[in-house]
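Some notes on the structure that comes next.
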Amino acid sequence: MELAKAYDPKAAEEDHYKRWEESGFFTPEINQDPAAEPFSIVIPPPNVTGSLHMGHALQHTIMDALTRWKRMQGFRTLWLPGTDHAGISVQRKVVEQLKKEEHKSPLDIGREEFVRRAWKWKELYGNTITEQMRREGASVDWTRQRFTMDDSLSLAVRNVFCTLYEEGQIYRGLRIVNWCPKDKTVLSDLEVKEETKKDGKLTYLKYPVKGTDKTITVATTRPETMLGDTAVAVNGNDERYKDLVGETVLLPLTTREIPIIADEYVDAEFGTGAVKITPAHDPNDYLVGQRHELQQILVMNMDGTMNAEAGPEFDGLDRFVAREKVVEEFEKLGLLEKVDDYEITLPVCERCKTIVEPILSEQWFVKMDEMRDLALELMRSGGVPHFSPQVPHEKVYTAWLENLKDWTISRQLWWGHQIPAWYDEDGNIFVARSEEEAIAKSGGKSLTQDSDVLDTWFSSGLWAFSTFGWTGDKGEKQLIAYSSQLTDGIQTDLETFLPTDVLVTGRDIIFLWVSRMVMLTKKFTGQNAFEDVVITGTVLGKDGKPMSKSRNNGVDPIEMFDKFGVDATRIYLASIATGADIRWNDVGVETYRNFANKIWNATRFCLMNSDGGRVSEFALAIITPDPKRQAYMKEEQTRRQSQTPERDWYEIYSEIAIEERANVYSLAERWIISRLNRTAIGVHRALETYQFHEAVQLLYHFFWDDFCDWYIELVKDDITAEQASRERDISRTRILSVLEESLRLLHPFMPFLTEELWQKLPGTGSYLHNSAYEDAEKTIMLTQFPTGSTGLVDKAAEVEMGAVIDLIKKVRNIRAEMNISTSIKFAVYIAASSAMQQVFAANEPQILKLAKAESLVIGDTLDVPKASAKAVTNDASLAIPLEGLIDFEKERERLSNQIAKLTEEKTRLDGQLSNASFVERAPVEKVQELRDRQIELENQIGTLRNNLNSLE
RNA sequence: GCCGUCUUAGCUCAGUGGUAGAGCACUCGCUUCACACGCGAUAGGCCACAAGUUCGAAUCUUGUAGACGGCACCA
C-alpha cells in the first residue's frame, strides 16, 4: 500500500467523524462492561448566538482529549453537549431582526409572538457551534444533547425556584439595582463591567440654606440626580458643618425643602465634605435614606429619560441632556461653584457597553448565605472542587464566596424562563409550578404571571444535574434512563454520571457559572457537581491582547483547521501550559502540522515495507499491561495455534528476564520498547494531573526523535531488505506494532490522523479494542490506551543506546566541522571498556550506516596516525584517520574548544567539591554523582590534551 | 485601595532547590531509496533587578521596576 507523499488533513477529517457518530462510539452505551467505572464531563454550554472561537477550541480540545483517553481505558464515558439560551443576546438579535425586516418593535407583535420568533431564530441559527464541534472531532454524545430551555430543564428551573421560594431563600424586594437603559433590564453585579472615563466631570453645586444667606456645596458626577435629592449629608464630627445639621436646604430647580443630616457614611476629608443624598438612584444613598427614613424619589424612566418627578422642565429629557441642563440652570442661578475635570470609572453593561444606571427597582433575589456556606464547607473540608491550576483560582474563588451578596435573578426580557409567580389584583404573590397550581393556591382568583424571566445563569447553574434528567419533581421517574442489559436494574444517568469528573472552562465564568453550579448542585442533589475544575488560559491575539471584534485581532479556528488541519490545531492548543495565556502564532500550529506530516510519512514508510509484517496483539501485550487482555490473548494464542512472527516476539520478550534480553534482541528493539514505555507512563501521568502540554512534549519528542530519527534509521536495512525472510517479517511486525502503539498514545490529541493511519495498518482490528468494546466495529478510538509498564523500562538498553548515539554524533560532528563530503568514507577507531566494545561491535552495521563510515576498529587503545581527527564521549574515545583531508589548524581549534568547554564544567565541579560544607551537607548520592563526573571529565580532558599535543 | 499572576535564547513559550530546554528564526552542510512540512552539524541566555534563607537559588522569602488580571471604592 502506498500513501500520498504529504498528509492531506481534509480527506481524513471528512469520513471518520460521521462513522464514529453513527456507530455510537460516543455514547456510554458502547461500553459492554457492567462493572465499568463512569467518567463524565458536561460541556460549558455555548450561547446559541455564538460561533466557535479559539477559547472554545482550546477547551473542547482538552475535554475531548480527556474523554478519549478515559474511553480508551474502558470507562463508561460521557461528554454531554448542549447550548445555552443566552437571554439578552438572543433577545437582542430578534429585536434587531424585527426592526430590520418589519420595522416593528417587540411591543408591536406582543410577547407570545416574540417568543415564537425567538424559538424560530434559535432553530435556524442556534446550531452553528454544534456543527462546528463536529469539525473539531469532539466525541460528545449527541443523543444526549441538551438546551437550557428544553422541557425537562425548564421543569427543573421551576422546581428549583419554587423550592427556594418556599424556603424563603428567594424573595421579591425593592432595591437599588444595576439598570441597563438600552436593554431595559436589570443586571447582576457580575454582568456589570468597569470602564475608565478620562473626560469625566465633577460638578460642585451650591444649595441655599433656608432662612440664611449661606449655601452648602455638594459635588457630584451625576448632576441630574439632584432632582431626586431628599437630603444633604455631612459627617457629624465635621466642625465646618456642625451648626448646619438640622437646618433645611431649598433644593434648587424644585420646590422641595430637604434636611441637612449627619451620617457616618460621609467622609469629611473627601470633596466638600457634604454629600447630596438621592436614595432612589444610588446604593449608598439608599442606605443613608433608610437610616434617616428619607423619601425615595425616582426621577428617571427605565429607558434613561427623566420622568415627571424631575419636573416639567426636565420630563422626557435624556439623562445626559438633563445633566447639561441642570448645570446650565445652576449657572444661571449663580449656584454653580465650579466644574472640575475628573477621571472616573463608570459601570457599563457587559454586553452593550451602555452606562449602567443605579436605580430603585423591584426585583427577585436569591439569598446566598446557605448555599455559600455549603460551597465553602466543600472547599474547606474536601478541597472540592480542586482547581487546576490551583493557584490562584482556589483562593480567588473562596474569597469571592466569602463576600457573596444576594443574587438578582429577574430580568426584564421575554426570552428565557418566565418567573413562576402570579399576582392577583391586589398584588398578592402566588409562586407555583404551574398556572393551575397558582390559581388553586389563590383560591381560584384570576391571576397574572410575572412578566420577567430568570437570569440565564439561573438555569445554567443547574446544568450539572438538570442535563442528566433531574427535574425536581417529587417521586418522579427520571426522564432519561441509562439502561444496561448487563446490570440487574435500570440506572439513571443522574445516578451514573453525577458527580461529573471534571469541568473545563475559562476563568471569566468561575463566579458566574462554576460557583453557582457547585452551590445549586450540592443543595438540590446532595452531590458534588464535579471533583475537578480545569481553568484554561486565554488565547490572545497576535498583538498579545484578548481577541475581540473591536480590535480585529481574532483568529478563526475554522480558518486554522482549513490551513493546518484540525489535528495540528488541536495538539498545538493542548501544548499550551494549563491555565497560561498564550499569544496566538501560526508558527506554533505549523510546527504541529509538520509533526502530523512526520507521523504520516513514518507510517508511509512502514506501509511501503509491510509485506509479511502485521500489527501484533502479542507484541502489544507486553507494552500494554492489562491482565484481562493478556489472559484473553493467551486463549486466543492457543486457539490459533499458528506460527506467526509475532509469536516469537511475545513469547521470548515477555518470558525472558530483562538482563537476558540483550542476548536475544537487538539494542534498537530493547531501546525503543523502553522509550515507548517510558513515554506511555509519562503521558498517562501527565494526563492524570491535567498537564496536557507535558503529554504533548513527550509524544512529540518520542515520535520524532526516538522513533523516526533513531529507531527507523537503525532498523531501516532490516525492514527494507529486498529478500523476503523470516527475519524481515519479524522486523516489520515489530516496527508496525510500535507504530500502532504510538498512534494510540497520540489519538486523544490527534483523532483524525491516527484513525486514518491506524485503519491502514495491516493486522489492526477490533480485537485490539479495550475489552469493554470487543464487539464494536474496528476503530482506534476504542483500543486500549497504553499506560506503559515500568518493568519494560530498560535502563541498560538506554545507557547502551546513549553510547551508540553519542558515538555517531561525534563522528558526524567531525565530518561536518572538517567539511568532509558524505561521499568520502573513512574508518572509525574506537577505544572503550570491554563492555562498551561489545556494544559497539554488536551494533557495527548501524553505526557504519548512520555515521557513514566504512569500517570500525574497536580496541582498548587508539592506534592511529597523526593525521587523525579525534573526539571523546562519556563511554569511548574515537579517532578518524584523515590523511590528506585533515585541516590541522581546524582540528586544533576544534579540540581546544572542546577542552575549554569541559574544563569550564570541571572548574565548577572542582570548586563545589572542594567546598567542605557541600561535601558534608549535600546528600551522599549527589556528592558521589559529582565525583564520578569529575573523574570522567578529567579523563576526557586528558585524552583531548594528548590528542592536541600529538598534533603539535 | 486590597489580592494575585507574569518577567528565561532574536521571537513564541516550557521547566526544576543540585551542570539552562523546545519550536521557529539565524549560521554551515546535504537532490542520504518515508518525509525539504525533510536530514545532519553548529551558534545563541548573569533565567527583570536587589537583598536574604541555603553547602548550593533561575527555582524558596522579602523588596524594587515593568506588563497584566481580579475585587472593592469612586460625593
Side-chain angles (χ1 to χ4, degrees), chain A residues 2-3 5-7 194 200 202-205 218-222 232-233 265-267 270-278 282 284-285 342-347 389 391-393 395-396 399-400 403 507-508 510-511 538 542 544-545 564 568 572 575-577 579-588 590-609 693-694 696-697 700-701 708-709 712-713 716 720 808-809 812-817 819-823 849-850 852 904-906 908-909 912 915-923 926-927 929-930 933:
Chain A
E2 178 120 14
L3 299 182
K5 201 169 172 185
Y7 173 49
E194 301 287 311
L202 188 59
T203 307
Y204 291 77
L205 303 175
V218 295
T220 180
T221 53
R222 294 192 292 153
V232 171
Y265 155 69
V266 180
D267 177 1
F270 192 94
T272 62
V275 186
K276 59 188 273 310
I277 299 297
T278 324
D282 182 279
N284 287 311
D285 293 6
Y342 187 68
E343 186 180 315
I344 186 172
T345 50
L346 291 173
V391 177
H393 300 115
K395 200 173 156 186
V396 172
W400 182 79
N403 299 304
R507 63 173 87 88
D508 52 333
I510 293 177
F511 304 148
T538 308
K542 286 167 190 165
K545 304 244 169 69
F564 299 111
Y572 167 64
S575 78
I576 301 164
D581 288 352
I582 180 86
R583 189 184 289 220
W584 183 267
N585 69 340
D586 283 6
V587 174
E590 208 177 321
T591 298
Y592 289 100
R593 188 273 314 262
N594 295 350
F595 182 50
N597 191 55
K598 189 76 181 174
I599 297 167
W600 176 267
N601 271 291
T603 307
R604 178 168 179 254
F605 169 77
C606 292
L607 289 176
M608 285 166 80
N609 300 287
H693 61 298
E694 199 178 315
V696 171
Q697 289 310 307
Y700 184 92
H701 290 292
C708 292
D709 287 352
I712 288 185
E713 297 304 328
K716 202 170 231 178
T720 57
I808 292 168
K809 288 195 163 193
R812 284 172 173 173
N813 173 245
I814 290 171
R815 187 187 288 278
E817 300 269 314
N819 283 324
I820 296 167
S821 152
T822 46
S823 61
K849 181 180 163 70
L850 298 187
K852 297 194 195 325
E904 195 190 318
E905 188 187 340
K906 186 166 173 298
R908 218 181 5 240
L909 276 187
Q912 210 170 343
N915 180 344
S917 54
F918 168 73
V919 178
E920 264 171 50
R921 301 200 177 201
K926 192 74 221 168
V927 177
E929 196 185 311
L930 294 195
R933 180 67 185 154

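Proteins come first, then strands; the chains are lettered A, B, ... in the order of their sequence lines, and each starts at number 1.
Here, B:A57 and B:G15 have their P atoms 22 Å apart, quoted to the whole Å. The P atoms of B:U7 and B:A14 are separated by 8 Å, rounded to the nearest whole Å. Taking atom C1' in both B:C73 and B:G21, one finds a spacing of 45 Å when rounded to whole Å. A gap of 25 Å separates the C1' atoms of B:G18 and B:C13, to the nearest Å. Comparing the C1' positions of B:U61 and B:U54 gives an interatomic distance of 12 Å, to the nearest angstrom. For B:G23 and B:U19, the C1' atoms lie 24 Å apart once the distance is rounded to whole Å.
Between the side chains of A:N585 and A:Y572, a donor-acceptor pair is found at a separation under 3.5 Å.
Residue A:M608 holds its CE atom at 9.0 Å from CG of A:L3, rounded to the nearest 0.5 Å. Between A:K276 atom NZ and A:D282 atom CG the span is 8.0 Å, to the nearest 0.5 Å. A distance of 5.5 Å separates NZ in A:K926 from CG in A:L930, rounded to the nearest 0.5 Å. Atom CG in A:D586 sits 4.5 Å away from atom CZ in A:F564 (nearest 0.5 Å).
Surrounding NZ of A:K809 are at most 12 heavy atoms belonging to other residues, nucleotides or ligands under 6.0 Å away.
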Hey, what are the protein-to-nucleotides 12-16 of chain B N/O distances that come in under 3.5 Å?
{"from": "B:C13", "atom 1": "OP1", "to": "A:R583", "atom 2": "N", "distance (Å)": "2.9"}
{"from": "B:G15", "atom 1": "OP1", "to": "A:H693", "atom 2": "NE2", "distance (Å)": "3.3"}

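Take A:E590 and apply the salt bridge (charged side-chain N to carboxylate O under 4.0 Å, His left out) test, not counting sequence neighbours, and it matches A:R593. For A:Y700, the ring-ring contact (aromatic ring centres under 6.0 Å, His included) partners are A:Y592, A:F595, A:W704, not counting sequence neighbours. Legend: residues meeting side-chain contact (heavy atoms from CB on, under 4.5 Å) with A:L850, ordered by chain and number and at least two apart, are A:W710, A:E713, A:L714, A:I808, A:R812.
Under the 3.5 Å distance criterion, the side-chain polar atoms of A:R815 are matched with a main-chain donor or acceptor of A:K852.
Sequence order on RNA chain B of the closest nucleotides to A:E929 and A:P347 puts A:E929 first from the 5' end.
The side chain of A:V587 approaches B:C24 more closely than any other nucleotide in the set B:C24, B:G70, B:C74. In the set B:C73, B:A22, B:U19, B:C73 carries the atom at the smallest distance from any side-chain atom of A:N284.
Under 4.0 angstrom from either OP1 or OP2 of B:U32 there lies no side-chain N or O belonging to A:K852.
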Open item on the list: Wobble G-U and Watson-Crick pairs count when both distances are under 3.5 Å; given that, what is the 5' to 3' dot-bracket string of RNA chain B, with | for pairing to other strands?
Closed with: (((((((..((((....[..))))..((((.......))))......(((((..]....))))))))))))....

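Counting heavy atoms from C-beta outward, A:R507 and A:T538 have side chains that approach closer than 4.5 Å.
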Open item on the list: Can you build the contact string for nucleotides 34-42 of chain B? Use B for base contact, S for sugar-phosphate-only contact, and - for no protein heavy atom under 4.0 Å.
Closed with: BBSBSSSSS

